[in-house]
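What follows is a single structure, written as structure tokens, with notes after it.
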Amino acid sequence: ENLFYTANFTELSFAVEVDIEPSGAGTVTGEGTYLFNQEVVLEALPEIGYEFLHWSDQAGVVSTDNPYSFNLPAYDILLTAVFGELSYNLELAVNPAQTGTTFGYGNYSYNQTVTISAEPAMGYEFVNWTDNNGVVSDDNPFNFNMPAENLYYTANFSELAFSVEVDIEPSGTGAVT
């Protein structure tokens, strides 16, 4: 008598997991369970104020591609999506020129608290801060959270007006010119 046996096989599946560094800097699509040699596509999506840098594993940098595509080997994969914090430039100007000094310009990260101030030169007073769209604030110092963009603010000053009053004593005894 002939015996026939049937061998049944199932394909093995493996996990693809991703950590985010630093925590909260972005999200990743493509994590999940895949079959051996199946194409995996991971995409890193940075939050505002961050940029994607690279994929890494315990041995180091794996790729800088985003999205990153590879065929799954026969084992579980743990990758880290590494993001870097962006910095934005804050430039300050004085109007009219030479009528004061500004403080607080430089590079800031998104949502960082910024304090800028303006010191008028002798004979001038601070009026306001403006950008290309108009008045930003009348506060001096001015506190705000840095947006995810470069800023260019101008400190505006005006000349102080002085008045001179003269009294003549006794009254009616002379004139001032």
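Heavy-atom basis, side chains included; hydrogens, waters and symmetry copies ignored.
Leu53 belongs to a hydrophobic cluster with Val82, counting contacts under 4.5 Å between side-chain heavy atoms of Ile, Leu, Val, Met, Phe, Trp and Tyr, direct or through other members.
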Can you give the donor-acceptor pairs under 3.5 Å from side chains of residues 102-109 to other protein atoms, not counting sequence neighbours?
from, atom 1, to, atom 2, distance (Å)
Tyr108, OH, Gly104, O, 2.5
Ser109, OG, Gln112, OE1, 3.3

Just distance, no hydrogens or angles: give the donor-acceptor pairs under 3.5 Å from side chains in residues 55-68, sequence neighbours left out.
from, atom 1, to, atom 2, distance (Å)
Trp55, NE1, Asp65, O, 2.7
Asp57, OD1, Ala59, N, 2.9
Asp57, OD1, Gly60, N, 3.2
Ser63, OG, Asp65, N, 2.9
Asn66, OD1, Ala44, N, 2.8
Asn66, ND2, Ala44, O, 2.9

Would you mind writing out the side-chain donor-acceptor pairs for residues 14-24 within the sub-3.5 Å range, not counting sequence neighbours?
none

For a quick test of your reading: what N or O donor-acceptor pairs under 3.5 Å do the side chains of residues 83-96 make, sequence neighbours left out?
from, atom 1, to, atom 2, distance (Å)
Asn89, ND2, Glu91, OE2, 3.3
Asn95, ND2, Asn156, OD1, 3.1

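Judged as a side chain to side chain contact (heavy atoms under 4.5 Å, CB included), and not counting sequence neighbours, the contacts of Asn133 are Asp131. Looking at residues two or more places apart in sequence or on another chain, you find a side chain to side chain contact (heavy atoms under 4.5 Å, CB included) between Glu149 and Pro147, Leu151. Residues that satisfy the side chain to side chain contact (heavy atoms under 4.5 Å, CB included) test with Asn140, not counting sequence neighbours, are Ser117, Ala118, Phe126, Trp129. Take Thr33 and apply the side chain to side chain contact (heavy atoms under 4.5 Å, CB included) test, not counting sequence neighbours, and it matches Ser13. Under the ring pair (Phe, Tyr, Trp, His ring centres under 6.0 Å) criterion, Phe144 pairs with Phe142, Tyr153, sequence neighbours left out.
Within the structure, side-chain hydrogen bond (donor to acceptor under 3.5 Å, both in side chains) contacts touching residues 38-47 (residues at least two apart or in different chains) are Glu39-Ser69. Listed by first then second residue, pairs satisfying side-chain hydrogen bond (donor to acceptor under 3.5 Å, both in side chains) with a partner in residues 73-83 number zero, not counting sequence neighbours.
Connection of Ile77 to Phe36 is established within a shared hydrophobic cluster, with ILVMFWY side chains joined at heavy-atom distances below 4.5 Å, either directly or through further cluster members. Clustering ILVMFWY residues whenever any of their side-chain heavy atoms sit less than 4.5 angstrom apart, transitively, puts Leu78 in a cluster other than the one holding Leu12.
Minimum heavy-atom separation, Val40 to Gly30: CG1-O, 4.4 Å. Residues Pro141 and Thr115 come closest through the heavy atom pair CB-CG2, 3.9 Å.
Between the CZ atom in Phe157 and the CD atom in Glu159 there is a gap of 13.5 Å [rounded to 0.5 Å]. Atoms CG and CG, from Leu35 and Leu72 in turn, are 8.5 Å apart once rounded to the nearest 0.5 Å.
Counting heavy-atom neighbours within 6.0 Å of Asn71 CG, excluding the residue itself, gives a total above 12. Heavy-atom contacts from other residues, nucleotides or ligands closer than 6.0 Å to CG of Leu160 number more than 12.
Contact check for Asn145 versus Tyr110: no side-chain heavy atoms found under the 4.5 Å cut-off.
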